[in-house]
Amino acid sequence: MRPLPSCRRKTRGISLGLFALCLAAARCLQSQGVSLYIPQPTINATVEQDILFSVEYSCHGVPTIEWTYTSNWGMQKIVEWKPGTQANVSQSHQDRVCTFDNGSIQLFSVGVRDSGYYIVTVTERPGSSQFGTIVLHVSEILYEDLHLVAVFLAFLTAVAAVLISLLWVCNKCAYKFQRKRRHKLKGKPPPRGPVAILAWF
Ligand SMILES: *[C@@H]1O[C@H](CO)[C@@H](O)[C@H](O)[C@H]1NC(C)=O
Ligand SMILES: *[C@@H]1O[C@H](CO)[C@@H](O)[C@H](O)[C@H]1NC(C)=O
Ligand SMILES: *[C@@H]1O[C@H](CO)[C@@H](O)[C@H](O)[C@H]1NC(C)=O
């Protein structure tokens, strides 16, 4: 009865190994020939921005590229095309999407509702495809930003007010100074004492 556990362990090890091998082979067959590179799998954006979903594929033939969009509001096809031909853009994204030969798409003027998962599938022929996902977060322009802008504007207004008062005072000084000089030239002594201080303003 002793050798049984070790024997069992061995068969289990072998079957595990076989399973892993099968998995690797299946994956190899599935993705044979197509590879996909996504430099930025998460994109944060604010409303009204134009977003580039950048990908790059490589395969032997000319593949079909398809982009779909999934979110809380459901799943939609965005566009499908073969590089070098006219893209078939879905009704929901008409006039908002442009496609590139490397498989990337650009989405113009995004809104909060465009947040979600963008799935690209590159299919060379049936059974040979690769897919990737890009997550897009679109947020409203932050309230803190507006707050900062308001503070900045208030600061600018204050600076402008100080400058204007300074200008006004300078102007007044120059005027008084000129008047004083004219008085002197005429030989009349300028008023002295409290009268002079009053005359300044
Ligand atoms: C996007 O925003 C989230 C938080 O909302 C943050 O964790 C993440 O690092 C940001 N990613 C990029 C690429 O800026
Ligand atoms: C794909 O092409 C676009 C437009 O030429 C470019 O901006 C983008 O960087 C490319 N993507 C990659 C991953 O090279
Ligand atoms: C474009 O896509 C629609 C729906 O996916 C399909 O019915 C139509 O045949 C396609 N047109 C072309 C030219 O591939």
Side-chain angles (χ1 to χ4, degrees), residues 20-159:
L21 213 76
C22 283
L23 213 71
R27 280 185 79 159
C28 188
L29 269 177
Q30 196 193 7
S31 61
Q32 195 187 31
V34 184
S35 70
L36 189 61
Y37 166 61
I38 299 181
Q40 200 184 353
T42 310
I43 299 174
N44 290 340
T46 49
V47 288
E48 301 289 318
Q49 268 190 321
D50 299 337
I51 303 301
L52 175 71
F53 295 97
S54 182
V55 302
E56 193 162 42
Y57 69 86
S58 80
C59 65
H60 297 301
V62 178
T64 302
I65 296 158
E66 184 194 288
W67 281 89
T68 53
Y69 161 68
T70 308
S71 76
N72 300 338
W73 290 286
M75 186 177 160
Q76 297 180 306
K77 192 160 158 175
I78 299 175
V79 61
E80 181 183 322
W81 84 103
K82 274 177 176 291
T85 66
Q86 184 76 32
N88 188 358
V89 183
S90 77
Q91 202 71 43
S92 58
H93 286 76
Q94 206 84 51
D95 302 326
R96 288 192 57 211
V97 160
C98 101
T99 58
F100 297 99
D101 278 350
N102 63 4
S104 307
I105 59 171
Q106 188 162 27
L107 189 60
F108 299 109
S109 186
V110 292
V112 173
R113 276 184 74 109
D114 290 315
S115 298
Y117 295 87
Y118 289 79
I119 299 157
V120 55
T121 312
V122 180
T123 310
E124 194 179 11
R125 57 193 144 72
S128 169
S129 72
Q130 190 72 263
F131 74 91
T133 307
I134 295 180
V135 185
L136 175 68
H137 299 288
V138 182
S139 48
E140 298 273 7
I141 293 164
L142 286 178
Y143 176 72
E144 286 105 289
D145 290 353
L146 285 179
H147 188 76
L148 264 184
V149 167
V151 168
F152 186 63
L153 274 181
F155 174 73
L156 278 187
T157 312
V159 167

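Keep in mind that this is a model prediction, so the values were computed, not measured. We count ligands from 1, going down the list as the structure has it; atoms in each ligand are counted the same way. Because only heavy atoms are used, hydrogens play no part in the values below, and waters and symmetry mates are left out as well, while side chains stay in.
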Which residue and non-hydrogen atom of the protein lie closest to [atom], and at what distance in Å?
| atom | answer |
| --- | --- |
| atom 4 (C) of ligand 2 | F100 CD2, 3.5 Å |
| atom 13 (C) of ligand 1 | T42 O, 4.0 Å |
| atom 10 (C) of ligand 2 | N102 ND2, 2.5 Å |
| atom 12 (C) of ligand 2 | S54 OG, 3.4 Å |
| atom 5 (O) of ligand 1 | N44 ND2, 4.8 Å |

Number the atoms of ligand 2 from 1 as they appear, then name those within less than 4.0 Å of a heavy atom of [X], with their elements.
| X | value |
| --- | --- |
| S104 | 1 (C), 11 (N) |
| V55 | 11 (N), 12 (C), 13 (C) |
| E56 | 13 (C), 14 (O) |

Task: Greater than 12 external heavy atoms within 6.0 Å of H60's NE2 - done: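 At most 12 heavy atoms, drawn from other residues, nucleotides or ligands, come within 6.0 Å of this atom.
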Task: Heavy atoms of other groups near E140 CD, more than 12 under 6.0 Å - done: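 No, because the 6.0 Å sphere around CD of E140 holds 12 heavy atoms or fewer from other groups.
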TODO: Output yes when a protein non-hydrogen atom is found under 4.0 Å of atom 2 (O) of ligand 1, and no otherwise.
DONE: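 Within 4.0 Å: yes, protein heavy atom nearby.
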Open item on the list: For a quick check under 3.5 Å, do Y37 and S35 share a side-chain donor-acceptor pair by atom type?
Closed with: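 The criterion, which ignores hydrogens and geometry beyond distance, is not satisfied for S35 and Y37.
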TODO: Please state which part of L52 comes within less than 4.0 Å of ligand 2, counting heavy atoms only: side chain, backbone, both or neither.
DONE: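 Near ligand 2, L52 shows its side chain, while the N, CA, C and O stay back.
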Open item on the list: When you compare ligand 2 with Y37, is there at least one nitrogen or oxygen pair between them that comes in under 3.5 angstrom?
Closed with: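 Not met; the criterion fails.
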Task: Donor-acceptor pair, side chain of Q76 and main chain of S92, under 3.5 angstrom - done: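 Not a single qualifying donor-acceptor pair exists.
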Open item on the list: Please report the interatomic distance CG(D50) to CZ(F108), rounded to the nearest 0.5 Å.
Closed with: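 Atom-to-atom, D50:CG and F108:CZ are 6.0 Å apart.
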Task: K82 with D101: basic N within carboxylate O range, under 4.0 Å - done: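 Result for this pair is no, no salt bridge flagged.
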Task: From CA spacing to verdict: side-chain contact (heavy atoms from CB on, under 4.5 Å), I51, I43 - done: CA-CA 8 Å; I51 303 301; I43 299 174; 3.9 Å; yes
TODO: Check D114 against Y69 and note the closest heavy-atom contact, atom names and distance.
DONE: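 Closest approach of D114 to Y69, heavy atoms only: O-CE1, 3.5 Å.
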